[in-house]
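This report concerns only the one structure given below.
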Amino acid sequence: MKDIVFATNNAHKLKELREIAAGKLNVLSLNDIGCHDDIPETASTIEGNAKIKADYIKQHYGYDCFADDTGLEVAALDGAPGVYSARYAGNDCISEHNIDLLLHNLEGVDNRSAQFRTCIALRQGDDIRLFEGIVKGTILTERRGTGGFGYDSVFVPDEADGRSFAQMSDDEKNAISHRGRATQLLMHYLLDQRQ
Ligand code: IMP
């Protein structure tokens, strides 16, 4: 089976990918290859950060690799928090602070349209390729639901039944989510290569 590195140590993301790739690709984590580096995420775009991470692993560890980066893009805020979604309320902040700031910045705003966007960069040899997944929805005026993570409790996807991501099971969310979609595109590409 071919080895490929997923530039993450996020257990949830690894489990998801390994289930999809089971028996077809051997998905290694950063821990698996002995990488404990603080990989810089200094780009000003989501795709830029995904590329930086994939390039870093290829250059320093020699493995073919893919890396993801995600942002919440809010129309009324000109696409913010976008690439800064993890640290919207400041470096080392927690998700609850990010949500508080988002709701504050949208107080009295009628246009609540937003989207989650994930970019996955795949680096194989000198080749670099991007896969994108988007889910469109709206931002609530207050939190709803207790599941998920990040901004899930204030995001309602257009194509579901009015529940927020935090009110859905993992399977329900993965079926329509930004990351689920980008991951499916990546896996189709990688599995096609094996034929
Ligand atoms: P990352 O690039 O996957 O680390 O995502 C960056 C930030 O976007 C996270 O820290 C979360 O705040 C937010 N985010 C990413 N994916 C999701 C999601 O599926 N639901 C809610 N928030 C998310």
Side-chain angles (χ1 to χ4, degrees), residues 6-17 27 29-30 37-57 65-74 77 79-106 112-122 130-140 142-160 163-186:
F6 182 11
T8 188
N9 281 322
N10 179 310
H12 183 84
K13 291 183 187 176
L14 277 166
K15 179 170 173 279
E16 196 176 287
L17 254 292
V27 180
S29 68
L30 292 178
D37 311 352
D38 196 9
I39 304 174
E41 293 190 36
T42 49
S44 57
T45 61
I46 293 166
E47 20 304 78
N49 274 340
K51 275 187 192 169
I52 287 179
K53 287 186 268 187
D55 283 343
Y56 183 95
I57 297 304
C65 173
F66 62 89
D68 71 339
D69 203 56
T70 294
L72 173 66
E73 299 174 329
V74 179
L77 301 176
V83 71
Y84 305 108
S85 293
R87 48 202 151 109
Y88 189 37
N91 289 334
D92 303 324
C93 66
I94 58 169
S95 290
E96 294 312 311
H97 296 153
N98 288 331
I99 293 176
D100 287 342
L101 180 60
L102 178 66
L103 294 181
H104 173 75
N105 288 342
L106 286 176
R112 316 285 300 186
S113 300
Q115 63 181 24
F116 276 114
R117 192 163 70 88
T118 293
C119 285
I120 297 178
L122 170 67
L130 283 174
F131 303 86
E132 183 184 69
I134 289 176
V135 59
K136 292 183 183 293
T138 51
I139 304 295
L140 293 165
E142 54 189 27
R143 293 163 172 81
R144 209 192 285 159
T146 53
F149 73 104
Y151 298 89
D152 275 348
S153 63
V154 291
F155 184 85
V156 174
D158 287 344
E159 56 206 282
R163 284 176 297 157
S164 75
F165 266 163
Q167 294 175 298
M168 295 182 179
S169 68
D170 285 353
D171 283 350
E172 284 175 316
K173 181 184 166 189
N174 288 340
I176 57 169
S177 83
H178 43 300
R179 195 165 26 260
R181 286 179 170 148
T183 302
Q184 287 296 337
L185 293 175
L186 168 78

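Residue numbers count from 1 along this sequence. When a ligand or atom number is given, it counts from 1 through the structure's own listing order. Values below: all heavy atoms of this structure, side chains included; hydrogens, waters and symmetry mates excluded.
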Short N/O distance, under 3.5 Å, between D68 and ligand 1?
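By distance alone, the answer is no.
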Are any of the N/O atoms on Y151, whether in the backbone or the side chain, positioned under 3.5 angstrom from an N/O atom of ligand 1?
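Yes, since at least one N or O of Y151 sits under 3.5 Å from an N or O of ligand 1.
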Side-chain contact test, heavy atoms from C-beta onward, threshold under 4.5 Å: evaluate it for L72 versus L102 and give yes or no.
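L72 vs L102: side chains touch.
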What is the closest protein heavy atom to [atom], and at what distance does it sit?
atom                    : value
atom 8 (O) of ligand 1  : S85 CB, 3.5 Å
atom 20 (N) of ligand 1 : D152 OD1, 2.6 Å
atom 17 (C) of ligand 1 : F149 CZ, 3.3 Å
atom 15 (C) of ligand 1 : T70 CG2, 3.3 Å
atom 10 (O) of ligand 1 : A86 CB, 3.4 Å
atom 16 (N) of ligand 1 : R179 NH1, 3.2 Å

Aromatic rings F116 and F165: how do their planes relate, parallel, tilted or perpendicular, breaks at 30° and 60°?
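The rings of F116 and F165 lie parallel, inter-plane angle below 30°.
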Interatomic spacing from CD in E132 to CD1 in I46 - rounded to 0.5 Å:
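Answer rounded to 0.5 Å: 8.5 Å.
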Can you tell me how far apart CG (N105) and OH (Y88) are? Round to the nearest 0.5 Å.
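Result: 4.0 Å between the selected atoms.
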Which atom pair, heavy atoms only, marks the closest approach of A160 to I176?
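Heavy-atom minimum between the residues: CB-CD1, 4.4 Å.
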How about E142: does its CD atom have over 12 heavy atoms from other parts shown lying under 6.0 Å from it?
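Result for CD/E142: open.
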Is it the case that more than 12 heavy atoms not belonging to K13 sit under 6.0 Å from its NZ atom?
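Check passes, neighbour count above 12.
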Show which atoms of ligand 1 fall inside a sub-4.0 Å distance from at least one heavy-atom site of D69.
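Near D69, meaning under 4.0 Å from one of its heavy atoms, ligand 1 has 2 (O).
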Quick check on contacts: which atoms of ligand 1 are under 4.0 angstrom from a heavy atom of H178?
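The atoms of ligand 1 under 4.0 Å from a heavy atom of H178 are 16 (N), 17 (C), 18 (C), 19 (O).
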Sort out for me which residue in V154, I139, L140 forms a side-chain contact (heavy atoms from CB on, under 4.5 Å) with L106.
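In the set V154, I139, L140, the residue that makes a side-chain contact (heavy atoms from CB on, under 4.5 Å) with L106 is I139.
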Any donor-acceptor N/O pair, N98 side chain to A89 backbone, under 3.5 Å:
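Checking the backbone N and O of A89 against the side chain of N98, a donor-acceptor pair under 3.5 Å is found.
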Out of C119, G150, C93, indicate the one that has the non-hydrogen atom closest to atom 11 (C) of ligand 1.
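Nearest option to atom 11 (C) of ligand 1, by heavy atoms: G150.
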Closest to atom 3 (O) of ligand 1 (judged by heavy-atom distance), picking from K13, R87, K173
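The nearest heavy atom belongs to K13.
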In this structure, does ligand 1 have an atom that sits under 4.0 Å from one of the heavy atoms of N98?
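Checking ligand 1 against N98, which is what was asked, there is no heavy-atom contact under 4.0 Å.
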Is there a heavy atom in L72 that sits closer than 4.0 Å to ligand 1?
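Contact check L72 vs ligand 1: negative.
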